[in-house]
Structure formats: structure tokens, C-alpha cells
Amino acid sequence: MPELPEVETMRRGILGIVGARIVDVERVACPRKLISISPRIDLFRRRTVGRTIRAVERVGKRVVVRLDSDDAIILEPRMTGLVLVADPPTREHLRFRCKLDGGGNVRELLYWDRRGLGNVRLVSPQEFEAAYGREKLGPDALAMTAALFREQLGNSRRAVKVALLDQRAVAGIGNLYASEILHQAGIHPAARCDRISRAKWALIADATLVILQAAIRHEGSTLSDGTYRNALNQAGEYQNHHRVYDRAGELCSRCSNGKLIVRIVQAQRSTFYCPACQRK
DNA sequence: ATTAATGTTCAGAA
DNA sequence: TTTCTGAACATTAA
């Protein structure tokens, strides 16, 4: 569930680790199956202990911890991962711990993951480029313009809602925000990309920035399962501002037609939209 | 008590 | 080349 706004919130929440030195890293003994951590923890430790954290960045839906060695630790939450500098929601799903020294009052960086679909990787600059470079990831969603959208998706025959989820085209948008963005833009989720006008791509570009920035301002969306938390293990608030996501059967808050929000399935995932004010 | 649904990414098929 | 499908996994709702 963590999409760009949630991952960006995690990133901002751990900025206090910049300047700290890594004292130890450990794979936390977990009663269930272990998440993927690479390379092997002994090699991971050898390449990170003693290093200083130079910066904390984000690439798409991943947190990037840059070290003074030019290696980077990549934390990829996928569905239920959390990046924390506070006590985790439960003890049993803690997966990875990085002990720190000199990072203000921050003593450790944690990776917690209930379902365990996420992963932690230590990568060289070459590996970073291969895995997260322009070949693999499109421009960041916060950097999108109408021209970039047209360049990346203008010739695709896919439905626009499905295409917005393609990380090679645009990095950072996930299922929840794709629905919210298209509602804000007034565009039907099933509209084929190659039939969307320049003017409508401009609406989509504007909506992308409006929605993602608002979601970041509210520290992301914590859905009913309560999984997503910020780096201090606090819930986000943007779920209170959703206009369509998980609101099937409710009145559209924008249009006056008295139409109800509906749920459809596209590419095996839920899409929510207003049939009255979202047009192809 | 079983089954479906949840959402991200990747491998492999169409 | 582009698009689609299923699997990885844990937990909850039906």
C-alpha cells in the first residue's frame, strides 16, 4: 500500500539519521519466513558498519539511504513494509535493524513488514542504476508534466488507470492514488491513453501534483487495516480526504448529479470513480 | 470453515 | 513489442 506519498513521508521521517554512523546491522529473528535481504547479512554488515549516512532519498516507492562509501541501502516496503525510527507496531514482524551512533537522538533504523513481501538491499552505484535507473523507472510522479505524460503514455492502448500504475512510465503512483488522481482530473479510468487529448493530459498532470502533494501534506493514507504508519509509528490522515477510493455507494462530493461512486475491476484491481463527472 | 479480497513487483506467457 | 496473468505472503471479512 505504501505509494509515493507514504514512502515520501517515511523518507522525511527518518531524515534525522543523516550524519549518523552505522554501528551494526542485523536480520531480526522472525518466527515466520524471512524477508529478502541482500547481500547475505555478513557481507551486508562488512560493507556498512563504520559507514556514515550521507543522505536519505526516495526512488519511486523505495527509500534510499546513501552511505559515504557510495553504496546505498534500499528499503522497499511493497504492501505492508514500514521504515521506522520508533517502536514498531508489533515485535514479531520486525525484519531488519540498523544500529546508529551520532544521529542526534536516533539510535536505530528499523524495517518492519507484516506480510513480508518487501525487501532490503545494499547496492553499489552500478547496481542502483541497473535496478532503479531510467530503464526500469519512469520520471518521478511529482516531476510529471502534460508533455511528459504524453511522451510516456500517449501511444499506449491501455486504460489510463491501468497505465498510471506502470512504474516504467511514471514512478510512484499506485492503486489508491490512481483513482484519486483521475477523479480530480475528471477523466474516466477506462479511457484509452491513445485517445486522451493534450488538454486532458494537462488535467491529469495537474491532478497528479495536487493529489500527491495533498497526500504528502497529510502524511499518507492509513486504510482500515491500519497497517501504514509514518516513521514514528503514527497513522496518516489523508484517508479522511479520499474522494473515491473505497467509497463505492457514496455520493460524489464534487458533482451535483446525485450519482454514486462505483467500484469496477481493471487488471484485477479495484478502481473507484464517479460515472457523472469522470468522462472519456 | 473455507474462500475471497487486499496491492506491489517480477517472471513468464500470450 | 506490448500487454496480461499468477505467485510471493499475512491477515481479515464474508
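Just so we're on the same page: letters track the sequence lines, and every chain starts at 1. Quick caveat, the model's predicted, so the values are computed rather than measured.
C:dC9 atom P lies 13 Å from atom NE2 of A:His93, rounded to whole Å. Between the CD1 atom of A:Ile35 and the C1' atom of C:dA8 there is a distance of 13 Å, rounded to whole Å. Whole-Å rounding puts the A:Glu76 CD to B:dT8 P distance at 12 Å. One interatomic measurement links the two molecules: CG of A:Leu153 to P of C:dT2, which rounds to 12 Å at whole-angstrom precision. With rounding to whole Å, A:Gln152 atom CD is found 15 Å from C:dT2 atom C1'. Rounded to whole Å, the distance from CG on A:Leu4 to C1' on B:dT8 is 14 Å. Straight-line distance from the CD atom of A:Gln266 to the P atom of C:dT5: 13 Å, rounded to whole Å. A:Trp112 has its CH2 atom 11 Å from the C1' atom of C:dT11, to the nearest Å.
Evaluation of the ring pair (Phe, Tyr, Trp, His ring centres under 6.0 Å) test over residues 256-280 of chain A, restricted to residues two or more places apart or in two chains, returns A:His188-A:Tyr273, A:Tyr245-A:Phe272. For residues 150-166 of chain A, the pairs satisfying salt bridge (charged side-chain N to carboxylate O under 4.0 Å, His left out) are A:Arg158-A:Asp166, with sequence neighbours left out. Sorted by first and then second residue, the pairs that involve residues 119-147 of chain A and meet salt bridge (charged side-chain N to carboxylate O under 4.0 Å, His left out), not counting sequence neighbours, are A:Arg58-A:Asp140. Within the structure, no pair that satisfies the ring pair (Phe, Tyr, Trp, His ring centres under 6.0 Å) test touches residues 52-89 of chain A, not counting sequence neighbours.
Mapping A:Leu117 and A:Arg157 onto DNA chain C via the closest heavy atom, the residue that lands nearer the 5' end is A:Arg157.
Through direct or relayed side-chain contacts under 4.5 Å between Ile, Leu, Val, Met, Phe, Trp and Tyr, A:Val162 connects to no other residue. Apart from A:Ile74 itself, the hydrophobic cluster it occupies contains A:Val59, A:Val64, A:Val123, A:Phe128, A:Tyr132, A:Leu137, where clustering links Ile, Leu, Val, Met, Phe, Trp and Tyr at side-chain heavy-atom distances under 4.5 Å.
Contact check of residues 161-169 of chain A against DNA chain B (heavy atom, cut-off under 4.0 Å) returns A:Gln167. Taking every heavy atom of residues 126-149 of chain A and every atom of DNA chain C, no pair lies under 4.0 Å.
Annotation: side chain to side chain contact (heavy atoms under 4.5 Å, CB included) contacts of A:Thr9 (sequence neighbours excluded): A:Glu219, A:Tyr228, A:Asn230.
Across all strands, A:Gly116 comes closer than 4.0 Å to no nucleic acid atom at all (heavy-atom distances). The residue A:Arg78 sits close to a base: some heavy atom pair falls under 4.0 Å.
Closest to the A:Arg114 side chain, of the nucleotides C:dA10, C:dA8, B:dT9, is C:dA10. Comparing C:dT11, B:dC10, C:dT3 against the side chain of A:Glu92 picks out C:dT11 as the nearest.
Looking at A:Thr227 and A:Arg114, their side chains do bring a donor and an acceptor atom within 3.5 Å of each other. Side chains of A:Arg263 and A:Ser270: a donor-acceptor N/O pair is present below 3.5 angstrom, by distance only. Side-chain contact of A:Thr90 with A:Trp112: a donor-acceptor pair under 3.5 Å is present, judged by distance alone.
Taking side-chain N and O atoms only, A:Thr80 has no distance below 4.0 Å to OP1 or OP2 of C:dC9.
Classified by interplanar angle (parallel below 30°, tilted 30° to 60°, perpendicular above 60°), the ring pair A:His241/A:His218 is tilted.
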Distances for protein N/O vs nucleotides 3-6 of chain B N/O pairs under 3.5 angstrom?
unit_1 : atom_1 : unit_2   : atom_2 : d
B:dT6  : OP1    : A:Arg263 : NE     : 3.4
B:dT6  : OP1    : A:Arg263 : NH2    : 2.7
B:dT6  : OP1    : A:Ser270 : OG     : 2.7

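A:Arg51 and A:Asp70 are not joined by a salt bridge, as no carboxylate oxygen comes within less than 4.0 angstrom of a charged side-chain nitrogen. The residues A:Glu76 and A:Lys61 are annotated as not salt-bridged, no charged nitrogen and carboxylate oxygen being separated by less than 4.0 angstrom.
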Without placing hydrogens or testing angles, list every side-chain donor-acceptor pair under 3.5 Å for residues 79-89 of chain A, not counting sequence neighbours.
unit_1  : atom_1 : unit_2   : atom_2 : d
A:Thr80 : OG1    : A:Asp113 : OD1    : 2.6
A:Thr80 : OG1    : A:Arg115 : N      : 2.9

Point to revise | Pairing pattern in dot-bracket form [Watson-Crick, G-U; both distances under 3.5 Å; | = partner strand] for DNA chain B | key: .|||||.|||||||
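Across C:dA7 and B:dT3, the matching P atoms stand 16 Å from one another, rounded to whole Å. Atom name P, nucleotides C:dC9 and B:dA1: the rounded distance is 24 Å, in whole Å. Using P as the reference atom, C:dT1 and B:dT9 are 23 Å apart when rounded to the nearest Å.
Cluster membership check: A:Leu232 shares its hydrophobic cluster with A:Ile17, using side-chain heavy-atom separations under 4.5 Å among Ile, Leu, Val, Met, Phe, Trp and Tyr.
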